[in-house]
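Remember, it's 1-based here, ligands and their atoms both numbered in the order they're listed. By convention here, the first residue in the shown sequence is residue 1. Quick caveat: nothing in here was measured; it's all calculated off a predicted structure.
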Amino acid sequence: MTSIDRSKLQQLHARENSRFISEHPRSAELYRRAQDSLLGGVPMNWMKKWAGPFPIFVKSAQGAHFIDVDGRDYVDLCLGDTGAMTGHSPEIVAEAVSRRVREGITLMLPTEDSLWVGEELKRRFGLPFWQFTLTATDANRFAIRIAREITQRPKILVFHYCYHGTVDESFAALHEGTVGPRRGNIGPPVNPAETTRVVEFNDLAALEEALKHHDVACVLAEPAMTNVGIILPDDGYWTVARELTHRYGALLIADETHTICAGPGGCTREWNLDPDMLVFGKPIGSGIPGATYGCTEEVAQRISARIHLEDCDVGGIGGTLAGNALSLAAMRATLEHVLTPAAFERMIPLAQRFAEGVAAEIRSVGLPWNVTKLGARAEYTFSQRPPRNGAESAASADFELERFLHLYALNRGVLLTPFHNMALMCPATTEADVDLHTKIFAAAVRELIEPCRGVL
Ligand SMILES: Cc1ncc(COP(=O)(O)O)c(C=O)c1O
């Protein structure tokens, strides 16, 4: 098997850093200026995590491409980590949103768009009742509150290395089998062991063991894990897992925020899952802030019986701007015209093309890596076989190597997510965009393992 020479990796990385700095003078200047007013020089701390010594500043974005302040054009395979899975600023959404902006943005009163969206979500996902929030994090938080309230149980259960937004309870991980704060957890309010049970994905025995305590209000899960690489469920996993949640009285919340990439109704529809609640955020309004959670008739009845009119504004569920007219107008245009079944028919084969191209290159150079795919999303990991759970996937992570490959791609006009090696297709992505990445990926790995090749 081919292996990576670390000193060569570092040399190549230093070369790519110099190229990046010399080609992005305007971004460098803005980043220097930002040090005086923005904490860490960025509007949001993750923006420091991009490959390269500073983030590139964006001038404009359209469809699958964006242009930075130095005038360079990029194929965007990150797409705002799914927030722009619709492509950037789809024309029809831009029109609906600009109309709505002139007709009232937020009122704490419903608009007719909310009904259209609720009816469409019901049709897509099969759950009858819906509510709106501004972020998927909030949707998860509120779904958890509802689960706790109606089950009167204190704990939630998540999978090791999950990510569900900045939900306190979900920042838990296993440390040699014991639950504790996840690495990097900033100021945890309590030890998450008090609020959370954590098990490995694809381990039904561990799931049953955790549910047997009868203190789990809900299992909060992505149907396939997407935030530590892509981890697909074993055949039949969800049938048994669902049966276990029923048997032990825990609700099942499907967080489809990323797995919506599987199809217009997410994995829930593709795989015939039947969650008690479902969360969907990020691209639902083409990037205009908005998210949603839906529930079954039974959950709706149980929670409605416990919420009293006089206290409904102080119960910990809601937000002043949640369900605002602008979000709903964006969601309607997105669901009606952009994230349509026809769009998925275009996007999914592109992810297949990405996966096949990268896998062929990995095979041809003999690296012990693999590529996984879920609908319109594909991802390569530095392990021989696709990981089956969070620990396996995390063990194969290689921050240094990942940063080099991302910077190499960025320097040649392709943006990947800064968190792992995910590539996402939008309706505007083309085969040429995908093939450009494959060509760059091939050049990068060949440079890594064959010292004498020229520079792309
Ligand atoms: C599966 C999943 N759920 C929820 C969220 C939270 O989304 P947001 O940060 O928009 O609240 C994320 C964010 O990455 C996510 O990956």
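Remark: aromatic rings of Y237 and F201 are close, center separation under 6.0 Å. Here the two rings, on F419 and Y163, have centers that are 6.0 Å apart or farther.
Judged purely by distance below 3.5 Å, without hydrogens or angles, the side chains of D255 and T257 pair a donor atom with an acceptor atom. Between the side chains of T430 and D433, at least one donor N or O sits under 3.5 Å from an acceptor N or O. Inspection of the E256 and T259 side chains reveals an N or O donor paired with an N or O acceptor under 3.5 Å. In this model, no donor atom of one side chain and acceptor atom of the other lie less than 3.5 Å apart for D203 and N389.
At under 3.5 Å, a nitrogen or oxygen of K282, whether backbone or side chain, sits near a nitrogen or oxygen of ligand 1. Some N or O of H258 is nearer than 3.5 Å to an N or O of ligand 1, by distance alone. Considering backbone and side-chain atoms together, N227 places an N or O closer than 3.5 Å to an N or O of ligand 1.
For atom 7 (O) of ligand 1, the closest non-hydrogen atom on the protein side is A136 CB, 3.4 Å. Scanning all protein heavy atoms for the shortest distance to atom 6 (C) of ligand 1 gives G165 CA, 3.4 Å. With respect to atom 3 (N) of ligand 1, the closest heavy atom belonging to the protein is D255 OD2, 2.6 Å.
At a heavy-atom cutoff of 4.0 Å, ligand 1 is contacted by the side chain of N140 but not by its backbone.
Below 4.0 Å from some heavy atom of T135 lie the following atoms of ligand 1, by number and element: 11 (O). Residue E222 has at least one heavy-atom neighbour below 4.0 Å for each of these atoms of ligand 1: 1 (C).
Judged by distance alone, with hydrogens and angles left aside, the side-chain atoms of R100 form no donor-acceptor pair with the main-chain N or O of A329 at under 3.5 Å.
Atom 8 (P) of ligand 1 has its nearest heavy-atom neighbour, among L220, T137, T166, T257, in T137.
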